[in-house]
Amino acid sequence: MLTPAKLFWIRLKQHYVYIGKSLRTTTDWTVWLYIIVPALFIFSGLYIELWTKLPNWSYSLRWDFILIAMFSFIFSAQVHIGVDEADRLVLLQHRSWMIRLKRYGYMYSALIMMIRLLLVFLLLLPFLLGTSAIQQTDMLLLLLYSAVAGFLLLTLNHYFVQAGKWRRKLVRALQRSMLLGAVYVLPVYGYIALFWGQTYMLAVFAALLILTLLMLYRYMTTPFHYPQQLQEEQSKRAGFTGILLSQVEEKRASKRLKRPWVFRSSQRLFKSSHAAAVITELRVKALLRSLPLLQVWLLMLAAGSYAIILVGGSGGWVVVAGLLILKRTWLKLQWEQWVSSEYLALYVKNQSGAYKLSQHVLTVPDLLVWIIVALICSL
């Protein structure tokens with residue numbers, strides 16, 4: 001017999017099965033083995049080394065402020081209920097199921113949020129203990145305050161993601177930023193900067209706890225809005241697929257923007273009219289015009305530079321070699337997905353020259369940055 005609990009676990013299982021299938025469409029288990037196993041050894045060794053000796057550059061950063069920024073980013077998470085279009089009939093017949101599904105979704109989302117907070121906190125803990133004057137009791141109070149603030153924001157985030165025109169979305173984004181600043185950033189910053197003491201922080205924590213319990217009771221006793229929740233689930237799924245498979249959901253053309261924001265006219269990158277050069281230009285422009293691909297590219301560039309800085313010395317060149325292999329693998333996967341589209345499949349056939357040229361062109365910028373960072377760290 002179908003119950004709200006069974007329905008929630010069925011949708012949650014389908015959610016992770018969908019993620020697994022999407023990952024398998026881009027890479028097989030051998031690629032993940034080549035990436036995950038070296039990463040575990042490298043980052044575990046780096047983390048153990050941070051507990052014994054911190055790099056000199058870490059003393060010039062305010063890691064407590066970095067912790068606030070990363071926690072604020074985690075607080076933007078939405079409650080995952082996992083409804084599907086097939087659930088409409090069942091939920092219309094059993095209105096009380098909406099409340100129970102909402103409760104299960106909140107408990108699951110709160111658990112995932114706490115795991116993320118703890119992972120970030122443990123990652124930055126060596127820097128916090130070694131470079132800041134925060135005591136362990138103060139850290140525990142900040143962690144508890146962050147958890148309660150996250151629970152409160154988790155009950156309120158769905159109010160700021162409603163559909164509408166861009167003006168309304170902008171206003172909601174500003175409202176959420178002001179709420180985040182008033183509830184979390186301002187109190188925690190004042191406590192870290194010693195603007196007020198522990199007694200004041202405990203009073204603010206008690207007030208936040210009471211407010212969270214009241215909002216949580218209201219959230220747990222009201223049904224969710226099914227169309228809005230379904231739209232959120234579909235948009236998150238489309239966003240994940242767009243980033244992973246370099247595809248985006250088809251949208252209507254904007255009346256205000258009729259041309260792309262880069263290469264708005266037919267500028268040429270190469271003077272040659274050879275097929276390899278033309279296809280390389282098409283690939284570079286397609287990459288620059290895709291916001292998800294740009295985000296992945298910049299994230300890989302920033303994370304790789306940060307890893308080189310952490311290792312330092314001659315070990316940074318080993319990281320550069322590993323990053324080069326990782327970047328080439330990602331570009332190979334992007335090429336295979338890009339040439340499989342219907343339009344390009346008619347013209348790009350057995351173009352090994354175009355593949356090699358485009359791989360080199362797209363690898364050089366990142367490689368130059370990583371080499372410069374490695375040279376600076378080895379001085």
Side-chain angles (χ1 to χ4, degrees), residues 43 46-47 50-51 54-79 106 109-161 170 172-213 215-216 295 298-299 302-303 305-307 309-310:
F43 287 106
L46 290 175
Y47 187 73
L50 290 177
W51 283 100
L54 293 176
N56 296 327
W57 56 266
S58 63
Y59 293 93
S60 60
L61 299 177
R62 291 297 303 268
W63 294 99
D64 44 6
F65 294 162
I66 296 177
L67 181 69
I68 296 175
M70 297 184 70
F71 276 10
S72 301
F73 178 75
I74 295 175
F75 291 157
S76 62
Q78 302 288 332
V79 176
Y106 181 86
S109 302
L111 177 62
I112 296 298
M113 184 188 67
M114 284 302 303
I115 293 175
R116 293 173 179 173
L117 290 178
L118 289 176
L119 288 177
V120 172
F121 181 76
L122 292 176
L123 180 63
L124 299 182
L125 188 57
F127 299 102
L128 294 172
L129 293 176
T131 61
S132 63
I134 303 178
Q135 302 297 326
Q136 295 183 2
T137 55
D138 297 332
M139 288 186 182
L140 181 60
L141 178 58
L142 291 177
L143 186 60
L144 291 175
Y145 187 89
S146 302
V148 176
F151 294 153
L152 175 62
L153 293 172
L154 194 61
T155 62
L156 299 175
N157 283 338
H158 67 282
Y159 291 110
F160 304 103
V161 294
L170 179 60
R172 295 192 190 102
L174 294 176
Q175 290 175 348
R176 188 193 174 280
S177 300
M178 295 174 61
L179 177 64
L180 178 63
V183 170
Y184 181 72
V185 177
L186 184 60
V188 174
Y189 172 77
Y191 183 63
I192 292 177
L194 302 179
F195 290 155
W196 42 72
Q198 189 174 11
T199 305
Y200 180 83
M201 191 64 183
L202 288 174
V204 175
F205 176 75
L208 179 66
L209 182 60
I210 295 174
L211 180 60
T212 302
L213 292 175
M215 296 303 300
L216 190 58
Q295 292 174 345
L298 294 176
L299 179 61
S305 303
Y306 183 67
I309 294 173
L310 285 179

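Note that the numbering runs from 1 along the sequence shown for the chain. Not measured: the values here are computed from a predicted model.
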Item checked: Residue pair Val188, Met201: steps toward the side-chain contact (heavy atoms from CB on, under 4.5 Å) verdict -> CA-CA 8 Å; Val188 174; Met201 191 64 183; 4.2 Å; yes
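- Scanning both residues, Trp196 and Pro187, for their nearest heavy atoms gives NE1-O, 3.3 Å.
- Here the side chain of Trp63 pairs a donor or acceptor atom with the backbone of Ser58 at under 3.5 angstrom.
- Side chain of Asn157 to backbone of Val79: no donor-acceptor contact under 3.5 angstrom is found.
- Between atom OG1 of residue Thr131 and atom CG of residue Leu61 there is a gap of 8.0 Å, rounded to the nearest 0.5 Å.
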Note to self: Quick one, Leu152 with Tyr184, criterion side-chain contact (heavy atoms from CB on, under 4.5 Å). Give me CA distance, side-chain angles, the key distance, then yes/no.
What the structure shows: CA-CA 10 Å; Leu152 175 62; Tyr184 181 72; over 6 Å; no
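- In this structure, CZ in Arg172 is found 12.0 Å from CG in Leu174, a value given to the nearest 0.5 Å.
- Shown here for Pro55 and Leu50, the closest heavy-atom pair between the two residues is CD-CD2, 3.8 Å.
- Of all non-hydrogen atoms in Phe121 and Leu128, the two that sit nearest each other are CE1-CD1, 4.3 Å.
- Atom-to-atom distance recorded for Phe205:CZ and Leu209:CG is 5.5 Å, nearest 0.5 angstrom.
- Here CE of Met139 is found 13.5 Å from CG of Leu144. Values are rounded to the nearest 0.5 Å.
- Here the side chains of Thr155 and Thr212 are not in contact, with every heavy-atom distance at 4.5 Å or above.
- Classification of the Phe75-Phe71 ring pair by plane angle, with boundaries at 30° and 60°, yields tilted.
- Atom CE of Met70 sits about 10.0 Å away from atom CG of Leu119, to the nearest 0.5 Å.
- At most 12 non-hydrogen atoms from other residues, nucleotides or ligands lie less than 6.0 angstrom from CZ of Phe73.
- By the 6.0 Å contact criterion, CZ on Arg176 is enclosed, its count of non-hydrogen atoms from other residues, nucleotides or ligands being greater than 12.
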Margin query: Run Arg62 and Ile66 through side-chain contact (heavy atoms from CB on, under 4.5 Å) and show every step you take.
Written below: CA-CA 7 Å; Arg62 291 297 303 268; Ile66 296 177; 5.9 Å; no
Notebook entry, point to check: Which is it for Asp64 and Leu142 under the side-chain contact (heavy atoms from CB on, under 4.5 Å) test, yes or no, and what are the steps along the way?
Noted result: CA-CA 10 Å; Asp64 44 6; Leu142 291 177; over 6 Å; no
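- Considering all non-hydrogen atoms of both residues, Ser109 and Gln78 come closest at OG-O, 3.8 Å.
- Under the 4.5 Å side-chain criterion, counting only non-hydrogen atoms from C-beta, Tyr106 is in contact with Leu216.
- Of all non-hydrogen atoms in Pro126 and Leu54, the two that sit nearest each other are O-CD1, 3.8 Å.
- The environment of Tyr306 atom OH is dense: over 12 non-hydrogen atoms of other residues, nucleotides or ligands sit within 6.0 angstrom.
- Considering all non-hydrogen atoms of both residues, Ser72 and Leu180 come closest at CB-CD2, 3.8 Å.
- Atom CG in Leu154 sits 11.5 Å away from atom CD1 in Ile112 (nearest 0.5 Å).
- Annotation: ring pair (Phe, Tyr, Trp, His ring centres under 6.0 Å) contacts involving residues 134-154, sequence neighbours excluded, are absent.
- Taking the centre of each ring, Tyr200 and Tyr191 stay at or above the 6.0 Å mark.
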